[in-house]
2 protein chains.
Amino acid sequence: MTDLNHDIFKTIDPDRRGTTSEEVISQLREMIHRGDLRPGDRLPPERDLAKMLGVSRPTLRAGIRSLAAVGVLQSRQGAGTFVVKADGPPSLDSSPLRLMASLHGFTSAEMFEARQALEMAVAGLAAERATSDQMATMSEEVAGMFASLDDPEQFLVHDVRFHQAVAAASGNRILTSLMNMVATILFDTRIKTVKRATDLKESAEMHRHVYRAIREHDPEAARHAMSAHLSKAQKAWEAEADEPDDSTSDNSNGNGNGAALAP
Amino acid sequence: MTDLNHDIFKTIDPDRRGTTSEEVISQLREMIHRGDLRPGDRLPPERDLAKMLGVSRPTLRAGIRSLAAVGVLQSRQGAGTFVVKADGPPSLDSSPLRLMASLHGFTSAEMFEARQALEMAVAGLAAERATSDQMATMSEEVAGMFASLDDPEQFLVHDVRFHQAVAAASGNRILTSLMNMVATILFDTRIKTVKRATDLKESAEMHRHVYRAIREHDPEAARHAMSAHLSKAQKAWEAEADEPDDSTSDNSNGNGNGAALAP
DNA sequence: ACCGTTAAATGGTTAGACCTTTTCCGTTCG
DNA sequence: CGAACGGAAAAGGTCTAACCATTTAACGGT
């Protein structure tokens with residue numbers, strides 16, 4: 001964690017474009033773009049940083065909060081404000097999509113369709129690029145599914161990890177992030193579906209088909225297998241959903257930068 | 001615009017989960033989810049709303065700012081704070097993706113690939129579902145491209161509108177939003193490419209191929225035509241890009257909820 | 001009746017103070 | 001000598017109060 005007490009922080013230009021807090025946001029973003037602030041870095045204390053930028057602390061906080069809302073910064077009381085650590089797969093906040101779903105009345109069919117399109121894309125890419133290690137991981141998760149046919153919750157864990165492994169093997173972190181973003185919203189729904197534990201064996205089989213297509217480096221087969229799997233999953237969900245649930249219930253408090261999830 | 005001075009606003013629970021401002025965010029989101037706040041509505045003045053929720057104005061402002069950062073609310077000094085109008089195609093803020101690109105060092109190849117995957121998906125769906133009107137719109141834009149082969153900027157306008165028409169015809173607003181999100185980031189790049197105006201005629205031809213495949217309701221052909229078009233566009237861009245531009249330059253000030261863009 | 005001026009409404013900013021949580025260091029006890 | 005406890009310092013979270021800037025709309029004069 002590089003401590004950055006240099007004179008990186010230029011004072012806000014008086015002839016600023018928009019509002020002061022917008023300028024603060026621009027400044028912080030520029031620091032990130034330039035690489036002055038890197039993932040995991042801790043920002044200077046708010047009081048100091050405010051002085052450096054020549055703004056008041058509430059204004060600085062407004063800017064920090066905006067960036068925190070989009071998942072770039074993270075503040076921990078007593079500890080400090082950090083640039084979000086980019087350890088695992090980068091993850092976009094799904095709450096914007098969630099709100100948009102409510103605002104525009106997105107149907108769950110659209111959600112499923114979007115997820116299907118993204119998963120098909122990553123499956124196709126994974127078939128082209130997956131390394132031996134990545135394929136081994138997928139295989140292990142498939143095996144895990146077969147090993148937990150009588151334990152729905154454990155099955156779901158392997159299910160999610162398999163899809164993440166596929167996404168990782170695609171080599172495209174943007175598609176992976178978008179996929180996770182959509183999948184996160186559908187997660188609560190999925191828990192219910194898996195709980196009913198109807199066709200775990202069939203589901204595991206379909207995952208294996210995906211894995212085999214990827215192993216054979218056959219993009220088209222991988223796409224089709226993934227498509228079939230998700231169509232089946234959607235049908236299973238629709239069969240369960242009696243209540244006219246709009247599928248956009250909001251459980252996550254705060255900014256839902258939850259774990260990446262995908263069945 | 002419904003004025004909502006009812007007792008919709010419940011006071012913040014004292015046994016709140018996280019921080020106070022997080023609770024404010026949850027409250028506001030809940031109002032939106034429940035439909036108490038609808039697109040275009042104006043929120044009560046901050047001073048009043050703060051009293052209603054039982055929090056101080058800075059805390060309320062923190063919550064509002066978080067939601068504004070993700071594109072749900074929009075504040076205009078002197079006028080008020082509004083729930084973002086959902087008139088046209090819903091649009092996700094692309095700045096989070098932009099920041100993530102800087103943070104993780106995304107390559108432009110990944111960006112192009114993600115865009116290609118999304119555009120292929122919507123093209124396929126559009127081929128299945130496009131209405132006569134939507135196809136007419138696409139046709140007009142293709143004609144517009146042919147009519148402006150000597151005017152790169154005008155060509156780009158038709159280009160963008162064509163892709164938006166295809167996205168609209170897909171009937172999936174989520175995929176459309178994600179596509180626009182990625183396309184927005186690549187827009188600046190695209191302007192340069194089009195400025196050089198190398199193969200406008202060829203580009204127009206490829207757009208027409210996409211259009212024809214959609215008109216013939218042939219999803220596979222549409223996907224392939226779109227894929228070919230974007231591969232070509234990417235090659236054109238790579239040929240121009242001499243400078244080691246990381247493709248993540250940040251032009252947009254504020255929260256870049258700009259227009260949706262796609263060639 | 002129309003247009004310009006003005007006043008009210010509303011978000012934006014600042015200042016200072018205090019609270020809560022986290023971190024870390026020093027002391028003390030085993 | 002080391003580990004556990006305790007407290008002080010650090011840092012973010014919240015609040016009050018006031019003032020500034022912009023927008024809107026009402027008012028009044030022409």
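Just so it is clear, the structure is predicted and the values come from calculations on it, not from any experiment. Letters go in sequence order (proteins before strands), and every chain restarts at 1.
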Rounded to the Å, how far apart are [X] [atom1] and [N] [atom2]?
X: B:Leu53; N: D:dT14; atom1: CG; atom2: P; answer: 14 Å
X: B:Arg42; N: C:dG11; atom1: CZ; atom2: P; answer: 7 Å
X: B:Arg47; N: D:dC15; atom1: CZ; atom2: P; answer: 16 Å
X: B:Glu46; N: D:dA18; atom1: CD; atom2: C1'; answer: 15 Å
X: A:Leu49; N: D:dA10; atom1: CG; atom2: P; answer: 18 Å
X: A:Gln74; N: C:dT22; atom1: CD; atom2: P; answer: 13 Å
X: A:Glu22; N: D:dA21; atom1: CD; atom2: C1'; answer: 14 Å

Ignoring backbone atoms, establish whether [X] has a side-chain N or O less than 4.0 Å from OP1 or OP2 of [N].
X: B:Ser75; N: C:dT10; result: no
X: B:Thr81; N: C:dG11; result: yes
X: A:Thr20; N: C:dT13; result: yes

Run the side-chain donor-acceptor check on residues 74-82 of chain A: report pairs under 3.5 Å with partners two or more places apart or on a different chain.
from, atom 1, to, atom 2, distance (Å)
A:Ser75, OG, A:Thr81, OG1, 3.0

Nearest to the side chain of A:Arg57, heavy atoms from C-beta on, is which of C:dG11, D:dG13, C:dT14? D:dG13
Euclidean distance, [Y] [atom2] relative to [X] [atom1], rounded to 0.5 Å:
X: A:Ser170; Y: B:Glu113; atom1: OG; atom2: CD; answer: 7.0 Å
X: A:Thr59; Y: A:Glu22; atom1: OG1; atom2: CD; answer: 12.0 Å
X: A:Ser148; Y: A:Asp159; atom1: OG; atom2: CG; answer: 9.5 Å
X: A:Leu178; Y: B:Ser177; atom1: CG; atom2: OG; answer: 11.0 Å

Which residues in residues 58-66 of chain B have at least one heavy atom lying under 4.0 Å from any atom of DNA chain C? B:Arg61
Return yes if a side-chain donor-acceptor contact under 3.5 Å exists between A:Arg65 and B:Ser21, otherwise no.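 Yes, side-chain donor-acceptor contact under 3.5 Å.
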Any side-chain heavy-atom pair from A:Leu118 and A:Leu175 closer than 4.5 angstrom? yes
Polar pairs (N or O, both sides) under 3.5 Å between protein and nucleotides 23-26 of chain D?
from, atom 1, to, atom 2, distance (Å)
D:dT23, O4', B:Gln77, O, 3.4
D:dT24, OP1, B:Arg76, NH2, 2.6

Give the C-alpha distance, both sets of side-chain angles, the deciding distance and a yes or no for side chain to side chain donor-acceptor pair (under 3.5 Å) between B:Thr131 and B:Gln134. CA-CA 5 Å; B:Thr131 66; B:Gln134 289 166 334; 3.3 Å; yes
